[in-house]
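In what follows, a single structure is set out as structure tokens and then discussed.
For ligands, and for the atoms within them, numbers begin at 1 and follow the listed sequence. The structure presented is a predicted model; accordingly, all values stated were derived computationally and were not measured. Along the sequence shown, residues carry numbers from 1.
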Amino acid sequence: MDGTSHPATPPVLILLGPPGAGKGTQARMLEERFGYVQLSTGDLLRAAVAAGTDAGKAADAVMKAGGLVSDQIVIDILRDRIAEPDCAQGVILDGFPRTTVQAEALDTLLIESSQQIDAAISLEVDDAAMVTRIAGRYTCAGCGEGYHDSFKIPTRDGICDNCGGTEMKRRADDTVEAVGARLEAYHAQTAPLISYYDDKGVLQRIGAMGPIDEVATTLGRVVTAATTT
Ligand code: ADP
Ligand code: ADP
Ligand code: ZN
């Protein structure tokens with residue numbers, strides 16, 4: 001580094017896409033490959049619900065119904081988490097921002113820490129695929145590894161490939177009723193962020209209808225290019 005250049009700031013990547021697009025699956029793979037930290041507001045909110053915090057109590061019913069939790073709650077949770085030391089490795093935002101208010105709050109937060117968004121990557125899938133993906137989704141209770149009844153089956157039936165755990169769980173909001181509401185919330189409130197980031201010049205679109213590994217290969221290429229230029 002020469003005397004005039006600034007030290008590189010930790011990469012900030014955003015994964016956009018409807019529920020079931022594969023954000024969580026891909027974020028975990030990126031975390032493993034690049035060492036960035038996955039920040040899933042869905043996971044943080046589910047932890048708050050399980051812990052019975054005030055934020056968790058306020059979020060619980062909204063999440064079960066498939067609505068969006070209030071911006072203030074989500075922004076507060078994200079702000080606290082992103083300030084933790086491990087995030088200095090770089091972060092992959094999975095499921096945040098989901099509204100324009102959240103996107104603007106993120107911009108402010110990043111200005112305060114002299115960081116910038118390297119890429120906002122939109123995983124593009126059609127609505128029909130999303131419903132099938134959500135209906136078959138389950139995760140390991142031990143380590144959070146994601147699985148699918150048809151598309152990602154553990155090598156040994158009922159045993160997590162990642163940690164050997166045998167307790168699998170399904171989410172309370174992965175129901176046919178809630179999926180409709182979640183999809184509606186996505187189109188009304190989150191999809192506009194695609195043009196928000198396009199206008200900033202950081203948007204990348206990736207077709208996410210193919211198999212998990214194929215999407216991961218494309219995504220890896222995009223992330224490498226975005227973080228090395
Ligand atoms: P999915 O993986 O299906 O996209 P998430 O795990 O990201 O779902 O989120 C689950 C639920 O948590 C959402 O339906 C919503 O109720 C709430 N949630 C998560 N992130 C946000 C956010 N950024 N803003 C508002 N609500 C959120
Ligand atoms: P999101 O975080 O966007 O809601 P997930 O990563 O949880 O989505 O993926 C939803 C479900 O679909 C999971 O069961 C996952 O195993 C599966 N899945 C993810 N990506 C793909 C893909 N490219 N093809 C088929 N199934 C996928
Ligand atoms: Zn596991």
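For Gln115 (side chain) and Pro10 (main-chain N/O), a donor-acceptor pair under 3.5 Å exists by modelled atom type.
Within the listing of ligand 2, atoms 5 (P), 6 (O), 9 (O), 15 (C), 19 (C) sit less than 4.0 angstrom from a heavy atom of Thr25.
Contact annotation for Val69 and ligand 1: heavy atoms of both the backbone and the side chain come within less than 4.0 Å of the ligand.
In terms of polar-atom proximity, Val62 is not counted as a contact of ligand 1, lacking any N or O under 3.5 Å from an N or O of the ligand. Close N/O approach between Asp43 and ligand 1 is not found [any backbone or side-chain N/O within under 3.5 Å]. Of the polar atoms of Ser40, none of the N or O atoms is found under 3.5 Å from an N or O of ligand 1, judged by distance alone. In terms of N/O distances under 3.5 Å, ligand 1 is not approached by Pro18.
The option with the heavy atom closest to atom 23 (N) of ligand 2, from among Ala216, Ser150, Gly210, Gly22, is Gly210. Of the candidates Met63, Arg98, Arg182, Lys23, Arg98 brings a heavy atom nearest to atom 5 (P) of ligand 1.
With respect to the salt-bridge test (charged N to carboxylate O, under 4.0 angstrom), the residues Lys152 and Glu145 qualify.
Taking a 6.0 Å sphere around CD of Glu84, one finds it holds more than 12 heavy atoms contributed by other residues, nucleotides or ligands.
Using a non-hydrogen distance threshold of 4.0 Å, Gly17 does not register as a contact of ligand 2. Residue-ligand proximity: Arg137 is placed with a non-hydrogen atom under 4.0 Å from ligand 1.
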